[in-house]
Trainee: 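Quick one: structure below, then a few questions.
All values below were derived from every heavy atom in this structure, side-chain atoms included, with hydrogens, water molecules and symmetry-related copies excluded.
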Amino acid sequence: MPGGFAPPPGPAVAGAEIERSEGSVPKAVLRAIGVPALVATVIGLAFVVVFLDAFHAAQPHDLPVGVVGDAAQVDQVRSALEQATPGHFAVQGVADEAAARAAVLQHDLYGVYLPGTPARLLTAGANGQGVSMTLTQAFTPLAQQAGGSLQPEDLVPLAPGDSRGLGIFYAAFGVVLGGFLFGIQTYSAAPKLPLRWRVVSILLFAVVSGLLVAWAADVLFAAVPAGFGTVALLVGLLALAVAAPAALVLRAIGSAGTFVTSLALVILGNASSTGNLPDAYLPPWLAPLAGILPPGVAVRALRGATYFADDGVTRAYWVLGLWAVVPLLLIAGLDAFRRRTAR
């Protein structure tokens with residue numbers, strides 16, 4: 001077959017699966033009927049449960065915000081927010097408006113409240129519509145209690161090609177899905193391929209994915225206008241950081257790795273990617289994964305490169321690089337160990 005694909009299975013033959021299962025009818029039934037149904041059901045259920053738990057009623061947990069004013073004003077706002085929305089915000093004082101603008105632009109704070117008549121709220125639309133809505137709903141009553149209105153000011157609006165702020169999430173999700181499928185295909189198409197050629201295949205996937213996704217996201221749709229080279233590099237690293245672990249898991253435990261990689265990379269990785277909402281909105285058990293798994297690391301870097309003075313970009317180079325290199329070294333060690341054992 002061209003391209004290294006396995007040939008079609010051919011017509012069904014009665015008793016063939018029993019022969020493959022060493023003549024055991026119960027084993028054949030479990031292997032051919034039960035396992036596929038069980039694995040598919042568990043993966044689908046895991047996807048539904050994880051995403052519903054994360055986003056069915058997403059509320060922030062200690063979302064960093066600021067207040068311009070003296071200590072008494074900051075304490076007053078903190079108390080009012082804690083009474084109205086307990087645990088939602090982590091309020092800190094900001095010296096003046098210049099410092100407030102810098103904090104929002106550098107992604108240190110998600111919003112800054114400036115008391116007055118009218119009161120003002122500095123936000124960054126690039127954080128997503130959900131964050132802007134949360135901040136507006138929280139601070140509007142404070143302004144009204146002071147006898148005025150609230151005037152929001154968006155310091156970092158979304159790119160014209162990404163009016164809903166989902167471009168970065170879709171770009172990352174597509175690459176993660178592609179890396180997962182690569183991990184499956186690389187061993188089904190060529191299970192005995194030497195590691196050096198498998199590395200070439202992974203690099204080819206990463207380079208082509210980075211270039212094409214950057215062309216689509218940055219050039220064609222202008223949804224992630226961080227610069228073609230920056231987007232291509234970060235997306236290519238994300239592709240490596242997903243394909244290499246997927247290949248390692250498939251190499252180590254065989255077809256069972258499909259379940260492991262789908263759960264860890266596709267489900268948990270994308271749920272914690274912060275493509276929809278910041279990690280402050282995630283459940284406590286899921287939030288730490290945003291800074292560890294490749295999707296969350298890459299999404300933060302792409303958002304930082306596009307809107308927030310390269311926030312998270314340098315860290316992404318290191319973290320994604322480790323996710324790409326370490327699994328390949330482990331595959332090399334595993335291959336060497338099994339060759340030595342076989343002798």
Side-chain angles (χ1 to χ4, degrees), residues 43 47 50-51 159 161-162 164-187 189 198-250 257-258 260-276 279 289-307 312-313 315-328:
I43 290 175
F47 186 94
V50 169
F51 273 79
D162 186 26
R164 294 187 177 275
L166 296 175
I168 293 174
F169 172 72
Y170 288 141
F173 184 90
V175 174
V176 171
L177 181 60
F180 164 69
L181 295 175
F182 175 91
I184 296 174
Q185 184 61 35
T186 186
Y187 279 104
R198 201 174 303 283
V199 171
V200 171
S201 179
I202 293 176
L203 290 173
L204 178 63
F205 161 69
V207 170
V208 174
S209 295
L211 293 175
L212 292 181
V213 171
W215 171 78
D218 184 36
V219 179
L220 182 62
F221 296 105
V224 190
F228 179 85
T230 299
V231 176
L233 179 57
L234 288 171
V235 170
L237 282 173
L238 174 60
L240 280 174
V242 175
L248 170 63
V249 174
L250 269 293
T258 302
V260 175
T261 53
S262 63
L263 178 62
L265 296 176
V266 178
I267 298 176
L268 293 178
N270 283 302
S272 63
S273 69
T274 69
N276 292 317
D279 57 358
L289 299 181
I292 299 173
L293 295 179
V297 175
V299 165
R300 176 179 173 179
L302 286 169
R303 183 176 286 116
T306 305
Y307 299 109
V313 173
R315 184 175 184 275
Y317 292 151
W318 285 100
V319 176
L320 296 178
L322 288 173
W323 274 103
V325 172
V326 172
L328 297 178

Trainee: Show your reasoning for whether side chain to side chain donor-acceptor pair (under 3.5 Å) applies to Arg198 and Thr186.
Mentor: CA-CA 8 Å; Arg198 201 174 303 283; Thr186 186; 2.8 Å; yes
Trainee: For Phe182 and Val242, run side-chain contact (heavy atoms from CB on, under 4.5 Å): C-alpha distance rounded to whole Å, both residues' side-chain angles, the deciding distance at 0.1 Å, then the answer.
Mentor: CA-CA 9 Å; Phe182 175 91; Val242 175; over 6 Å; no
Trainee: Should Ile43 and Ile267 be marked as a side-chain contact (heavy atoms from CB on, under 4.5 Å) after you check the CA-CA gap, both sets of side-chain angles, and the distance that decides it?
Mentor: CA-CA 9 Å; Ile43 290 175; Ile267 298 176; 4.2 Å; yes
Trainee: Of all heavy-atom pairs between Pro225 and Ala222, which one has the smallest distance, and what is that distance?
Mentor: CD-O, 3.9 Å
Trainee: Please name the pair of heavy atoms, one in Ala298 and one in Leu320, separated by the smallest distance, quoted to 0.1 Å.
Mentor: CB-CD1, 4.2 Å
Trainee: Mind listing the closest non-hydrogen atom pair of Thr274 and Gly296 along with its distance?
Mentor: OG1-O, 4.5 Å
Trainee: Taking atom OH of Tyr170 as the centre, report whether more than 12 heavy atoms of other residues, nucleotides or ligands fall under 6.0 Å from it.
Mentor: no
Trainee: Can you check side-chain contact (heavy atoms from CB on, under 4.5 Å) on Ser273 and Phe173, steps first, answer last?
Mentor: CA-CA 9 Å; Ser273 69; Phe173 184 90; over 6 Å; no
Trainee: Spell out, as yes or no, whether a donor-acceptor pair under 3.5 Å connects the side chain of Asp162 to the backbone of Gly167.
Mentor: yes
Trainee: After noting the C-alpha distance and the side-chain angles of Leu240 and Leu203, does the key distance pass the side-chain contact (heavy atoms from CB on, under 4.5 Å) rule?
Mentor: CA-CA 7 Å; Leu240 280 174; Leu203 290 173; 3.9 Å; yes
Trainee: Does Ala316 offer a backbone N or O that forms a donor-acceptor pair with the side chain of Arg300 under 3.5 Å?
Mentor: no
Trainee: May I ask you to test the Val299-Phe169 pair for a side-chain heavy-atom distance under 4.5 Å?
Mentor: no
Trainee: How many angstroms lie between atom CG of Leu250 and atom CZ of Phe180, to the nearest 0.5 angstrom?
Mentor: 8.0 Å
Trainee: Please examine the side chains of Leu293 and Trp323, heavy atoms only from C-beta on, and report whether any two atoms are closer than 4.5 Å.
Mentor: yes
Trainee: I want to check something: taking the side chain as every heavy atom from C-beta on, are Leu268 and Val50 in contact at a cut-off of under 4.5 Å?
Mentor: yes
Trainee: Nearest 0.5 Å, please: how far is CG in Leu238 from CG in Leu233?
Mentor: 11.5 Å
